[in-house]
Amino acid sequence: MWTHSPRPGFPALSGSRLWTAVLFGSLALPACGVERPTADAGNAADAAAAEGVTVGTTFEVELPSGTHAEMEALGMEVPLHGRLYVVVDRVGDWTPPAGSPDTDVPEPRRRVGATGVPFWGIQVRNVEGDGLMTLTPGMDGVRGYPLEDLSSLPPGEYRVQVLLSSWTTYHRADGHVLEMHRETGEGQNPWISPGNAHSEVVTVRLGGGDGPERVRLSLDRVIPPLQPLQEGDVLELGNPRDREQVRFVKIRSELLSEFWGRDMYLGANVLLPRSWEPGSERRYPVLFHLGHFPGDRTPFGFDPGAPGSGRTAGFSEFWMSDEAPEMFIVTIRDANPFYDTSYSVNSANVGPYGDAITQELIPFLEAEFGMMAEPWSRVLAGGSTGGWEALALQIFHPTFFGGAWSWCPDSVDFHAYQIVNIYDDENAYERDRGWVTVERPSNRLPDGNVQFTMRQEGHYELAVADRSRSGGQWAIWEAAHGPVGADGYPRSIWDHETGVIDRETAEYWRENFDLHHHLRENWSSIGADLRGKLHIATGDMDSYYLELAVYRLEEFLDQATNPAADARVEYGRRRPHCWLGESPERSGEEINYREFILEVGAYLAGRAPAAAPREWLPGR
């Protein structure tokens with residue numbers, strides 16, 4: 001079996017590191033409240049005040065011994081180290097989404113994002129029980145978004161919350177030692193990650209120099225596991241329990257554990273065919289539906305008795321009916337220290353996930369459930385991140401899989417990495433137009449209005465964590481596609497502060513993970529195994545400009561010869577991210593999951609060998 005590995009020989013580059021100030025004490029404080037400065041509090045804010053520098057409010061954060069013990073019991077590395085955040089949310093600044101029955105105001109930690117509420121972060125180390133940490137927005141080592149400090153915060157009443165994201169030390173097989181946030185079942189999201197600690201929400205008047213000089217908060221709450229832990233359970237990837245017609249699987253991966261220097265896992269959420277029975281000799285094909293971390297969600301939203309809506313409309317009833325072709329649908333749980341999915345490739349930074357999925361997880365599933373273990377019977381689908389993964393697995397393993405449906409895929413040609421040409425552009429954040437500099441957009445509405453810019457999204461991720469540790473989209477692209485830097489973390493494709501692009505890193509991306517480039521360079525050897533297998537759909541007003549790369553790939557697929565590609569590329573007029581293609585039954589509307597499964601069934605029936613079992617087809 002052909003496997004894809006990054007090419008060696010590209011030199012490492014030391015990534016920029018933010019200087020971090022870490023301040024501790026053993027002063028016992030009340031759970032929360034406001035206090036004037038005290039002579040024994042001793043921190044950077046006091047030093048700055050002594051020099052006549054105005055620094056605004058300092059947040060003093062206690063970690064109670066009980067919290068420390070609870071985090072340790074969940075397997076968090078002690079003494080604790082990681083990143084401390086203060087999040088503020090203006091009182092009265094939230095309204096529930098239209099039509100939402102939930103009127104409860106979310107906690108501030110659940111409202112961060114590129115267009116979210118202000119927050120500040122600082123790295124901390126050697127935190128013991130009853131220890132005291134301080135964070136002063138605007139001081140050295142503190143990174144905020146979207147505000148540098150509190151001076152630009154409009155005066156008013158704010159809901160304030162602190163959160164401590166615990167990090168784990170990984171002794172990787174390449175000799176590098178990394179400190180990363182450990183995924184603990186939530187899909188690599190520090191704001192809701194089991195094992196992290198946070199405070200209750202308190203209301204404080206801040207902004208315009210009107211706030212208190214000190215605010216005391218206590219990290220007195222630990223986020224619990226998403227599912228209660230049973231004997232033998234580990235937090236990684238969660239522990240969802242089997243339910244009607246759905247099985248949840250988790251296995252320890254030898255390949256990934258060796259790479260990361262500690263136990264690592266792969267999981268799968270398996271929707272069973274209607275007639276499946278344990279131990280039966282009957283065999284069924286399988287659709288792998290790739291994408292972001294599925295948690296305990298069922299493939300295609302299967303929910304017996306529920307009518308569904310939109311893409312899931314009528315799907316559950318259809319799945320259990322004689323109309324449906326019988327197959328497995330599998331979603332993969334492969335969250336890791338960088339992101340909520342691995343991108344399903346062998347990566348110098350993330351690890352050999354392409355091999356782990358094809359050589360460990362899929363063979364296990366085939367043996368466990370009675371899946372057909374034939375290339376024609378394994379097909380792929382996914383949208384956005386999953387769209388790129390579906391294409392990558394098919395392209396890098398052309399004889400292992402039998403077809404791929406790629407919806408609104410992440411950039412398949414890095415001449416159009418969203419809206420940036422990493423090979424020719426000088427800067428990812430801006431365009432120099434002579435007398436003016438124009439900011440590059442990152443997200444738009446179908447009417448063209450920009451939601452946020454490349455710089456804003458990049459700086460948001462920097463405030464969450466440096467060195468591609470934010471758990472964000474740009475961070476995982478650097479980790480999945482890029483080489484290892486001299487410090488062991490991903491070598492940046494561009495300077496995260498300024499946006500200046502690194503040409504040498506761009507060449508590594510081209511040679512290893514530019515899917516269009518790979519197809520063009522290797523078509524003579526892999527084209528025959530990909531003919532007729534590639535199906536791509538995207539809106540022509542994709543929210544992240546992803547149609548631009550698809551245009552370039554389509555040009556090659558249309559012109560490919562010896563053999564012809566026989567690929568299908570479909571565009572939705574003025575459709576945003578993530579459009580799946582047009583319905584075969586409802587003109588002008590998007591295809592739903594029931595219609596898609598019928599399409600997959602017909603495709604499989606047409607490509608199955610004459611001697612292959614056909615009991616899985618409708619009416620058999």
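FYI, the numbering just counts along the sequence from 1. Given the structure is predicted, the values throughout are model-derived calculations rather than measurements. What's counted below: heavy atoms across the whole structure, side chains too, no hydrogens, waters or symmetry copies.
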Trace of the salt bridge (charged side-chain N to carboxylate O under 4.0 Å, His left out) decision for Glu555 with Arg552 = CA-CA 5 Å; Glu555 289 177 4; Arg552 299 181 66 94; over 6 Å; no

With a 4.5 Å limit on heavy-atom distance, are the side chains of Glu595 and Arg586 in contact?
-> yes

Which atom of Trp319 lies closest to which atom of Leu272, heavy atoms considered = NE1-O, 2.8 Å

Tell me, with the steps shown, if Tyr429 and Trp494 meet side-chain contact (heavy atoms from CB on, under 4.5 Å).
-> CA-CA 9 Å; Tyr429 291 166; Trp494 57 64; 3.7 Å; yes

Search all heavy atoms of Gly354 against all heavy atoms of Thr358 and return the closest pair with its distance.
-> O-OG1, 2.9 Å

With sequence neighbours excluded, tell me which residues meet side-chain contact (heavy atoms from CB on, under 4.5 Å) with Asn189.
-> Glu186, Trp191, Ile192

Do Arg297 and Asn269 pass the side-chain hydrogen bond (donor to acceptor under 3.5 Å, both in side chains) test, and can you show the C-alpha distance, the side-chain angles, and the key distance before you say yes or no?
-> CA-CA 8 Å; Arg297 297 186 298 277; Asn269 303 1; over 6 Å; no

Side-chain donor or acceptor of Glu570 paired with backbone N/O of Glu582 under 3.5 Å | yes

Would you please name every residue forming a side-chain contact (heavy atoms from CB on, under 4.5 Å) with Arg573, sequence neighbours left out?
-> Asp540

Any donor-acceptor N/O pair, Ser411 side chain to Phe414 backbone, under 3.5 Å = no

Assess whether atom CZ of Arg574 is packed by more than 12 heavy atoms of other residues, nucleotides or ligands within 6.0 Å.
-> no

I would like to know whether His496 and Glu461 meet side-chain hydrogen bond (donor to acceptor under 3.5 Å, both in side chains); could you show each step before the answer?
-> CA-CA 9 Å; His496 295 168; Glu461 289 199 17; over 6 Å; no

Between Phe401 and Phe288, what is the ring plane arrangement, given parallel below 30°, perpendicular above 60°, and tilted in between?
-> perpendicular

Relative to the ring of Trp388, is the ring of His481 parallel (under 30°), tilted (30 to 60°) or perpendicular (over 60°)?
-> tilted

Apply salt bridge (charged side-chain N to carboxylate O under 4.0 Å, His left out) to Asp424 and list each qualifying residue two or more places apart in sequence or on a separate chain.
-> none

Salt bridge (charged side-chain N to carboxylate O under 4.0 Å, His left out) between Glu439 and Arg431, worked out | CA-CA 6 Å; Glu439 291 289 310; Arg431 296 188 67 204; over 6 Å; no

Keeping the roles fixed (side chain from Ser468, backbone from Pro490), state whether a donor-acceptor pair exists under 3.5 Å.
-> no

Looking just at side-chain N and O atoms, do His415 and Asp413 make a donor-acceptor pair shorter than 3.5 Å?
-> yes

Check: Gln227 side chain, Asn239 main-chain N or O, donor-acceptor pair, under 3.5 Å | yes

Just do the side-chain hydrogen bond (donor to acceptor under 3.5 Å, both in side chains) check on Ser543 and Asn443 with the steps written out, would you?
-> CA-CA 5 Å; Ser543 310; Asn443 180 283; 4.8 Å; no

For the pair Val345 and Tyr353, evaluate side-chain contact (heavy atoms from CB on, under 4.5 Å) and give the outcome as yes or no after the intermediate values.
-> CA-CA 5 Å; Val345 292; Tyr353 274 89; over 6 Å; no

Would you say the side-chain atoms of Ser321 pair up with the backbone N or O of Phe318, donor to acceptor, closer than 3.5 Å?
-> yes

More than 12 non-hydrogen atoms from neighbouring residues, nucleotides or ligands closer than 6.0 Å to CD on Glu360, yes or no?
-> yes

Verify side-chain contact (heavy atoms from CB on, under 4.5 Å) between Gln188 and Phe338, making sure each step is shown before the conclusion.
-> CA-CA 7 Å; Gln188 194 47 262; Phe338 282 104; over 6 Å; no

Trp477 side chain to Tyr417 side chain, donor-acceptor N/O pair below 3.5 angstrom = no

Strictly by modelled atom types, are Gln418 and Ser442 linked by a side-chain donor-acceptor pair under 3.5 Å?
-> yes

No-hydrogen, no-angle side-chain donor-acceptor test under 3.5 Å, Glu478 and Tyr489 | no

Backbone N/O of Ala114 and side chain of Tyr145: donor-acceptor pair under 3.5 Å | yes

Is there a donor-acceptor pair closer than 3.5 Å between any side-chain N or O of Trp276 and the backbone N or O of Phe369?
-> yes

Angle class for the Phe556/His516 ring planes (parallel below 30°, perpendicular above 60°, tilted otherwise)?
-> tilted

Distance (rounded to the nearest 0.5 Å) between Leu462 CG and Arg455 CZ = 11.5 Å

Sidechain-backbone polar pair: Trp260 side chain, Leu255 backbone, donor-acceptor under 3.5 Å = no

Taking atom types as modelled and ignoring hydrogens, do the side chains of Ser275 and Tyr284 form a donor-acceptor contact shorter than 3.5 angstrom?
-> yes

What residues, two or more places apart in sequence or in another chain, satisfy side-chain contact (heavy atoms from CB on, under 4.5 Å) together with Asp242?
-> Arg247, Phe248

May I ask you to decide if the ring planes of Trp405 and His535 are parallel, tilted or perpendicular, using 30° and 60° as cut-offs?
-> parallel

Return the set of residues passing side-chain contact (heavy atoms from CB on, under 4.5 Å) with Lys533 (not counting sequence neighbours), or none when no residue passes.
-> Gln394, Tyr603, Arg607

Smallest separation among heavy atoms of Ser253 and Ala356, with atom names | OG-CB, 3.9 Å

For Tyr339, does its backbone N or O pair with a side-chain atom of Asn336 as donor and acceptor, under 3.5 Å?
-> yes

Roughly how far, to the nearest 0.5 Å, is the CD1 atom of Ile357 from the OG atom of Ser342?
-> 4.5 Å

For residues Leu287 and Ile597, determine if any side-chain heavy atom of one lies less than 4.5 Å from a side-chain heavy atom of the other.
-> yes

Output yes when a side-chain donor or acceptor of Ser344 lies under 3.5 Å from a complementary backbone atom of Leu393, and no otherwise.
-> no

Consider only side-chain N and O atoms of Asp334 and Thr341, and report whether a donor and an acceptor are under 3.5 Å apart.
-> yes

Side chains of Asn449 and Arg444: is there a donor and an acceptor less than 3.5 Å apart?
-> no

So Arg568 and Glu599, salt bridge (charged side-chain N to carboxylate O under 4.0 Å, His left out) or not? Walk me through it.
-> CA-CA 13 Å; Arg568 186 183 77 196; Glu599 178 182 330; 3.0 Å; yes

Is any NZ, NE, NH1 or NH2 atom of the basic residue among Glu236 and Lys250 found under 4.0 Å from an Asp or Glu carboxylate oxygen of the other?
-> no

Using a distance-only test with no angle check, is there a side-chain donor-acceptor pair under 3.5 angstrom linking Thr385 and Asp410?
-> yes

Worked check of side-chain hydrogen bond (donor to acceptor under 3.5 Å, both in side chains) between Glu590 and Trp579 = CA-CA 7 Å; Glu590 185 183 44; Trp579 187 71; 4.6 Å; no

Excluding sequence neighbours, so at least two apart, what forms ring-ring contact (aromatic ring centres under 6.0 Å, His included) with Trp376?
-> none

What's the spacing between Asn592 CG and Ser583 OG if we round to 0.5 Å?
-> 6.5 Å

Should the pair Arg283-Glu326 be classified as a salt bridge under the 4.0 Å nitrogen-to-oxygen rule?
-> no

Would you tell me whether Tyr571 and Thr538 have side-chain atoms, one donor and one acceptor, within less than 3.5 Å of each other?
-> no

